[in-house]
Amino acid sequence: MDIVLRRRFHTATMLRCLSLHLTKNAALAPRNYSQAANSLPPTPELTALATPEDHHEAKAWISKFKTQTIPKSLVELNFSRSSGPGGQNVNKVNTKVTLKCPLDSSWIPAWAHSHIKANPHYVSSSKSIQIQSTVFRSQSQNIDDCLSKLHDLVLSASSADIKNEPTQEQRKRVEFLERAEKARRRQDKSYRSEVKKNRSKRGWD
């Protein structure tokens, strides 16, 4: 009877160790989320904003993109142990998040590529955007932080070349300044003309 109990105990212990080993390896391994369903607006096929029509199409995309969040399925996420703030979780839980996103991803506008390449988060060796976060104690919050930073980066880069049309108030202001400048020039011209006339009169006296 003792032999049977010992065998059962040994088997249960082995199973627990195997389960912990598999769980640890799964947590440490990088998770590559394949590009599945995309909830982002379709990206215009524009390599540059050369015409007013291009600007209009790009602005329409930006307006929609502003209200969206980037799904995890469009990026690669790696998790590791954080050495930053985290209390009891520091060096114990994989709360540090590293996000990687290829620059040639279909949802990133081509006209924004040059500005993204100039950003510190761009890694030329892998031609990708890499962002890390250890701000929060939880892994899920750091994931959201990385996705938010990526969203801001793409939004800023895609808006860099946009020429905003002046508002009606701005147009009126410009027209007012132009009229004031013309009036000043007419006044200066009239003054100079009057000075010349007075000089001419003194010369005849």
Could you pull out every donor-acceptor pair under 3.5 Å between side chains of residues 120-127 and any protein atom, sequence neighbours left out?
| from | atom 1 | to | atom 2 | distance (Å) |
| --- | --- | --- | --- | --- |
| His121 | ND1 | Gln130 | O | 3.3 |
| Ser126 | OG | Ser128 | OG | 2.6 |

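Here the side chain of His113 pairs a donor or acceptor atom with the backbone of Leu103 at under 3.5 angstrom.
Using a 3.5 Å distance cut-off with no hydrogens or angles, the side chains of Thr51 and Asp54 do pair a donor with an acceptor.
Ala112 is linked by a side chain to side chain contact (heavy atoms under 4.5 Å, CB included) to Pro109, Ile116, Ala157, Ser158, counting only residues two or more places apart in sequence or in another chain.
Between Thr95 and Phe136, every side-chain heavy-atom pair lies at or beyond the 4.5 Å cut-off. Inter-residue side-chain proximity for Ile129 and Ser105 is flagged as unmet; no heavy-atom pair is nearer than 4.5 Å. Between Asn142 and Lys96, the closest side-chain pair of non-hydrogen atoms is not below 4.5 Å. Between Ser156 and His115, every side-chain heavy-atom pair lies at or beyond the 4.5 Å cut-off. For the pair Thr43 and Ile108, the minimum side-chain heavy-atom distance is 4.5 Å or more.
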Item to check | Residues Phe65, Ser159; criterion side-chain contact (heavy atoms from CB on, under 4.5 Å); working and verdict | outcome: CA-CA 11 Å; Phe65 181 74; Ser159 304; over 6 Å; no
Next on the checklist: Under the criterion side-chain contact (heavy atoms from CB on, under 4.5 Å), I'd like the reasoning laid out for Asp145 against Lys149: C-alpha separation, chi angles, the key distance, then a yes or no.
Outcome noted: CA-CA 6 Å; Asp145 185 49; Lys149 290 177 180 177; 3.2 Å; yes
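Under a 4.0 Å N-O distance rule, the pair Glu181/Arg185 qualifies as a salt bridge.
Here Ser114 contributes atom OG and Lys117 contributes atom NZ; the two are 8.0 Å apart, rounded to the nearest 0.5 Å. Here the straight-line distance linking atom NZ of Lys100 with atom SG of Cys146 works out to 14.5 Å at 0.5 Å rounding. Atoms CG and CG, from Leu147 and Leu77 in turn, are 6.5 Å apart once rounded to the nearest 0.5 Å.
The aromatic rings of Trp111 and Trp61 stand perpendicular to each other, their planes meeting at an angle above 60°, with 30° marking the opposite boundary.
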